[in-house]
Amino acid sequence: MYEGQLAAWLVTLAVEAIVAAILARQFGLVSGKAAAAAFFGSLVTHPVVWWTYFKIIYAIGYWPTFAVVEGFAVGVEAVFYRAAGARWDAAFAISFVVNAASVLVGFALQSAGWI
């Protein structure tokens with residue numbers, strides 16, 4: 001594991017599960033299923049995102065790396081929301097919003113020096 005990865009992973013799991021549960025009703029999902037989809041989706045994607053980030057950032061730069069890893073996370077995690085009962089368009093929308101929330105919380109915590 002890279003330095004800071006465990007803290008970031010725990011924050012990701014919590015933020016994404018909470019936001020997914022809050023959004024669930026608007027997308028016709030049961031809150032618990034949406035939270036579980038977020039949790040298990042992030043269990044799968046976070047290690048890949050973290051590893052890939054450090055492998056490609058120096059080759060292609062920050063923003064392209066950000067786009068690649070977050071695009072991967074949104075795409076893969078959408079499959080989990082689909083499995084939880086969301087339509088494909090809703091699955092991608094939920095995945096985008098929860099990942100954006102996670103990124104924003106991560107930026108805020110990093111700026112505050114907490115992770």
Side-chain angles (χ1 to χ4, degrees):
M1 237 182 226
Y2 290 97
E3 182 179 342
Q5 183 177 0
L6 182 57
W9 202 357
L10 294 174
V11 168
T12 296
L13 292 171
V15 168
E16 292 192 12
I18 291 166
V19 173
I22 292 168
L23 289 175
R25 183 182 290 175
Q26 287 81 9
F27 290 98
L29 293 177
V30 174
S31 293
K33 284 186 177 184
F39 183 85
F40 289 110
S42 292
L43 280 179
V44 170
T45 60
H46 197 273
V48 176
V49 164
W50 201 274
W51 182 85
T52 303
Y53 174 86
F54 286 104
K55 293 298 179 191
I56 67 174
I57 189 165
Y58 298 110
I60 66 173
Y62 180 79
W63 289 111
T65 299
F66 180 84
V68 167
V69 299
E70 288 303 321
F72 167 80
V74 168
V76 171
E77 291 172 24
V79 174
F80 285 83
Y81 294 110
R82 177 69 177 127
R87 296 181 325 272
W88 277 113
D89 60 335
F92 278 100
I94 295 167
S95 187
F96 180 83
V97 171
V98 300
N99 277 281
S102 180
V103 166
L104 291 173
V105 169
F107 284 162
L109 294 174
Q110 188 177 28
S111 293
W114 293 349
I115 60 169

Would Trp9 and Leu43 satisfy side-chain contact (heavy atoms from CB on, under 4.5 Å), going step by step from the backbone distance to the final call? CA-CA 8 Å; Trp9 202 357; Leu43 280 179; 3.9 Å; yes
Hey, what do you get for [atom1] ([X]) to [atom2] ([Y]), rounding to the nearest 0.5 Å?
{"X": "Arg82", "Y": "Ser95", "atom1": "CZ", "atom2": "OG", "answer": "14.0 Å"}
{"X": "Ile94", "Y": "Gln26", "atom1": "CD1", "atom2": "CD", "answer": "9.0 Å"}
{"X": "Asn99", "Y": "Leu104", "atom1": "CG", "atom2": "CG", "answer": "11.0 Å"}
{"X": "Ile22", "Y": "Ile18", "atom1": "CD1", "atom2": "CD1", "answer": "7.0 Å"}
{"X": "Phe80", "Y": "Glu16", "atom1": "CZ", "atom2": "CD", "answer": "11.5 Å"}
{"X": "Ser102", "Y": "His46", "atom1": "OG", "atom2": "NE2", "answer": "6.5 Å"}

Which heavy atom of [X] sits nearest to which heavy atom of [Y], and what is that distance?
{"X": "Ser31", "Y": "Ala24", "answer": "CA-CB, 3.6 Å"}
{"X": "Ser42", "Y": "Pro47", "answer": "O-CD, 4.0 Å"}
{"X": "Ala20", "Y": "Tyr81", "answer": "CB-OH, 3.8 Å"}
{"X": "Ala34", "Y": "Ala21", "answer": "CB-N, 4.4 Å"}
{"X": "Leu29", "Y": "Gly85", "answer": "CD2-C, 3.4 Å"}

Is it possible for you to say whether [X] and [Y] belong to one hydrophobic cluster, with membership spreading through side-chain heavy-atom contacts below 4.5 Å?
{"X": "Phe39", "Y": "Val44", "answer": "yes"}
{"X": "Phe107", "Y": "Ile57", "answer": "yes"}
{"X": "Val68", "Y": "Val103", "answer": "no"}
{"X": "Trp88", "Y": "Val74", "answer": "yes"}

Report yes if some heavy atom in the side chain of Phe72 is under 4.5 Å from a heavy atom in the side chain of Val48; otherwise report no. yes
Side-chain contact, heavy-atom cut-off 4.5 Å: Thr45 with Thr12? no
Ring-ring centroid check Trp50 Tyr53, cutoff 6.0 Å: no
Does OH belonging to Tyr62 count more than 12 external heavy atoms closer than 6.0 Å? yes
